Amino acid sequence: MGVEAGLKDAFHRPKEPVITTADKAWVVHLACTKPKDLGYAAELWTRRALAAHVRQHAASAGHPSWRVPPKPPCKGFSRRQQLQPQ
């Protein structure tokens, strides 16, 4: 170990993530669904519209951790999932 190892800022997570893989899969499913199929007028999702829909319907869909999503709710997540607009 030594002094240099002690000076490095090691990655640590103080608590476990609240959003599960099932919660993430639900958002991916929503992002791949056209908003028109859910009663919206838009053809494609905007990040704001998707985030609002997720917040409104998360608890009723069985995903309460998305009711108050982390800052930015879908931005980084959608990039990591490699979602592309249709």
Side-chain angles (χ1 to χ4, degrees):
M1 287 278 162
V3 174
E4 283 123 24
L7 292 175
K8 281 189 178 181
D9 188 20
F11 175 78
H12 66 283
R13 182 175 286 164
K15 57 184 176 178
E16 289 299 314
V18 178
I19 299 172
T20 65
T21 55
D23 296 334
K24 292 177 184 178
W26 178 68
V27 174
V28 170
H29 172 71
L30 280 176
C32 293
T33 304
K34 291 189 177 194
K36 270 199 164 192
D37 297 342
L38 299 173
Y40 294 100
E43 287 284 331
L44 298 173
W45 287 110
T46 62
R47 287 186 182 137
R48 181 176 284 181
L50 180 61
H53 182 82
V54 166
R55 268 187 245 106
Q56 288 174 354
H57 299 283
S60 62
H63 304 283
S65 59
W66 280 114
R67 269 192 20 217
V68 182
K71 288 182 184 176
C74 301
K75 185 176 180 178
F77 174 70
S78 63
R79 266 195 234 127
R80 287 190 299 271
Q81 294 298 323
Q82 298 177 350
L83 298 176
Q84 298 295 323
Q86 298 176 3

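Being a predicted model, the structure only gives us computed values, none of them experimental.
Residues that satisfy the side-chain contact (heavy atoms from CB on, under 4.5 Å) test with Ala61, not counting sequence neighbours, are Trp26, His63. By the side-chain contact (heavy atoms from CB on, under 4.5 Å) test, Ala49 is found to be paired with Trp45, Thr46, residues two or more places apart in sequence or in another chain being considered.
Closest non-hydrogen pair, Ala31 versus Leu50, comes out as CB-CD2, 4.0 Å. For Ser65 against Asp23, the heavy-atom pair with the smallest separation is OG-OD2, 2.6 Å.
Put simply, the side chain of Thr33 reaches to within 4.5 Å of the side chain of His29, judged on heavy atoms.
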Validation: residues 36-43 side-chain donor-acceptor distances under 3.5 Å, sequence neighbours left out:
residue, atom, partner, partner atom, Å
Lys36, NZ, Glu43, OE2, 3.3
Tyr40, OH, His53, ND1, 2.7

